[in-house]
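All values reported here derive from a predicted model rather than from experimental measurement. Order of listing sets the numbers, starting from 1, for every ligand and every atom in it. All heavy atoms count here, side chains included; hydrogens, waters and symmetry mates do not.
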Amino acid sequence: MKRLSIVGSTGSIGRNALSIVRMFPERFTVKALAAKRNLTLLAEQIRVFQPEVAAVFDEAGSRELQALLPADCRTHILHGEDGYAAAAAWESAELTLTAVVGAAGLLPTLAAIDAGKTIALANKETLVMAGAVVTRRAAERGVAILPVDSEHSAIFQCLQGQQREDVDRILLTASGGPFINRPAEEFAAITPEQALQHPNWSMGAKITIDSATLMNKGLEVLEAKWLFGVSQERIRVVVHPQSVIHSMVAFRDGAVIAQLGIPDMKAAIAYAMSYPERLALGQPLPDFSGGTDLTFREPDLEKFPCLALAFDACRQGGTLPAVLNAANEVAVNAFLEKRIGFNDIPRIVERTMAVHAGVDDPALETIIAADCWARQSAGELVSD
Ligand SMILES: NC(=O)c1ccc[n+]([C@@H]2O[C@H](COP(=O)([O-])OP(=O)(O)OC[C@H]3O[C@@H](n4cnc5c(N)ncnc54)[C@H](OP(=O)(O)O)[C@@H]3O)[C@@H](O)[C@H]2O)c1
């Protein structure tokens with residue numbers, strides 16, 4: 001029986017993880033949950049899974065949640081940054097799934113690492129912002145970070161039983177998002193409703209927009225660099241619109257190992273939850289009857305400048321990836337609220353990065369300061 005803490009339980013990843021718990025009640029039990037706004041769903045999750053603790057964003061939320069719960073509910077309700085961290089590091093949990101979106105995932109993940117929990121990492125922003133700090137701390141505590149992102153789960157699976165020195169490069173696949181075939185001249189007119197229609201994956205709003213700009217692939221390059229300890233030069237992005245190959249690893253003898261599956265996050269989430277075992281998920285296989293062609297092409301960095309910006313941040317390192325991430329979060333939010341256009345997302349990220357005075361090998365406090373600075377700078381550009 002694996003004891004879980006799920007921070008971000010009301011999101012797309014969190015809900016999928018809980019559906020796996022429901023499928024395998026003899027294998028998983030939920031000790032802690034955390035969510036932000038969706039208190040009705042959190043209350044329902046508490047009723048079903050009866051965790052020892054649940055955390056919400058603020059005090060008002062905790063009062064609202066209490067009111068939704070039966071009087072005899074024994075779940076402890078916490079709130080705020082400390083409450084989130086406590087839920088992530090909850091004593092009786094052994095594996096913490098970090099399924100919060102954005103920079104808000106960093107501190108709960110660090111709290112869970114400090115408490116010695118195995119991490120099932122969905123929140124890629126944690127490694128984008130503070131990959132050096134997080135991986136160093138995990139190594140010091142002897143904590144494993146298991147990838148949940150489907151591409152990184154695929155790479156992790158391809159690496160099982162292999163020698164790290166045999167790895168030549170990582171081939172990170174990208175669907176290309178909904179606008180892969182749309183001419184760049186039409187990008188200015190793209191609406192949030194259009195950008196939220198991902199052709200293959202069903203995900204939360206922020207990552208869906210990131211997939212449309214290809215920023216998501218850039219964040220994943222940074223994530224792969226830290227998860228697998230490879231330099232950016234050895235990570236190649238390959239556009240593969242069918243999303244059947246979830247990623248590949250090329251070895252020094254020319255062999256390439258790929259992991260395939262239908263585009264459904266359940267398999268990757270379940271693998272991190274049950275590693276090293278596999279669960280009988282009953283997922284259908286990809287279509288091998290000839291109905292699906294697997295195609296590949298290079299990403300177009302001119303059409304999708306967010307990917308080039310992320311490559312830059314990855315090469316330069318220091319505080320720049322945290323700045324890229326924060327400016328992107330601000331710009332994506334503003335786009336979703338229809339305050340800026342689609343092309344303004346890379347423009348705002350680029351201008352924020354351009355005026356940032358980078359710091360090499362930053363401590364956690366410096367990274368958090370860079371994140372705050374970038375949010376303010378990008379916010380001013382949104383209002384311009
Ligand atoms: N969705 C996918 O298929 C997928 C695939 C690969 C990687 N990921 C990564 O997994 C993470 C989660 O993605 P998602 O698509 O599941 O996101 P999502 O559907 O938007 O869910 C985000 C979760 O985090 C909570 N949350 C949002 N802002 C918060 C904040 N400031 N502080 C604390 N909690 C907050 C939300 O609570 P409320 O809903 O209660 O407000 C929700 O539970 C992201 O880092 C994403 O890049 C996702």
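Checked for salt-bridge contact, Lys206 and Glu125 meet the test: a charged N lies under 4.0 Å from a carboxylate O. For the pair Arg136 and Asp361, the salt-bridge criterion is met [side-chain N within less than 4.0 Å of a carboxylate O].
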Does ligand 1 have any N/O pairs with the protein under 3.5 Å, and how far apart?
residue: ligand 1; atom: 1 (N); partner: Ser12; partner atom: OG; Å: 3.2
residue: ligand 1; atom: 10 (O); partner: Ala122; partner atom: O; Å: 3.4
residue: ligand 1; atom: 15 (O); partner: Gly204; partner atom: N; Å: 2.9
residue: ligand 1; atom: 16 (O); partner: Ser12; partner atom: N; Å: 3.1
residue: ligand 1; atom: 16 (O); partner: Ile13; partner atom: N; Å: 2.9
residue: ligand 1; atom: 19 (O); partner: Ser12; partner atom: N; Å: 2.9
residue: ligand 1; atom: 34 (N); partner: Tyr84; partner atom: OH; Å: 2.7
residue: ligand 1; atom: 37 (O); partner: Thr10; partner atom: OG1; Å: 3.2
residue: ligand 1; atom: 37 (O); partner: Lys36; partner atom: N; Å: 3.0
residue: ligand 1; atom: 39 (O); partner: Thr10; partner atom: OG1; Å: 3.0
residue: ligand 1; atom: 40 (O); partner: Thr10; partner atom: OG1; Å: 2.7
residue: ligand 1; atom: 40 (O); partner: Lys36; partner atom: N; Å: 3.0
residue: ligand 1; atom: 40 (O); partner: Arg37; partner atom: N; Å: 2.9
residue: ligand 1; atom: 40 (O); partner: Asn38; partner atom: N; Å: 2.8
residue: ligand 1; atom: 41 (O); partner: Arg37; partner atom: N; Å: 2.8
residue: ligand 1; atom: 43 (O); partner: Gly8; partner atom: O; Å: 3.3
residue: ligand 1; atom: 43 (O); partner: Thr10; partner atom: N; Å: 3.3
residue: ligand 1; atom: 43 (O); partner: Thr10; partner atom: OG1; Å: 2.8
residue: ligand 1; atom: 43 (O); partner: Gly11; partner atom: N; Å: 3.1
residue: ligand 1; atom: 45 (O); partner: Glu125; partner atom: OE1; Å: 2.7

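With sequence neighbours left out, the side chain to side chain contact (heavy atoms under 4.5 Å, CB included) criterion links Lys266 to Asn16, Ser19, Ile20, Asp264, Gln283.
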For residues 308-319, which side-chain donor-acceptor pairs fall under 3.5 Å, sequence neighbours excluded?
residue: Asp312; atom: OD1; partner: Arg315; partner atom: NH2; Å: 3.2
residue: Thr319; atom: OG1; partner: His356; partner atom: NE2; Å: 2.7
residue: Thr319; atom: OG1; partner: Val359; partner atom: N; Å: 2.9

In residues 171-183, what donor-acceptor pairs under 3.5 Å come from side-chain atoms, sequence neighbours left out?
residue: Thr173; atom: OG1; partner: Ile245; partner atom: O; Å: 2.9
residue: Thr173; atom: OG1; partner: His246; partner atom: O; Å: 3.2
residue: Ser175; atom: OG; partner: Gly177; partner atom: N; Å: 3.0
residue: Ser175; atom: OG; partner: His198; partner atom: NE2; Å: 3.3
residue: Asn181; atom: OD1; partner: Arg297; partner atom: NH1; Å: 3.3
residue: Asn181; atom: OD1; partner: Arg297; partner atom: NH2; Å: 3.3

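There is a side-chain donor-acceptor pair under 3.5 Å between Ser9 and Gln45.
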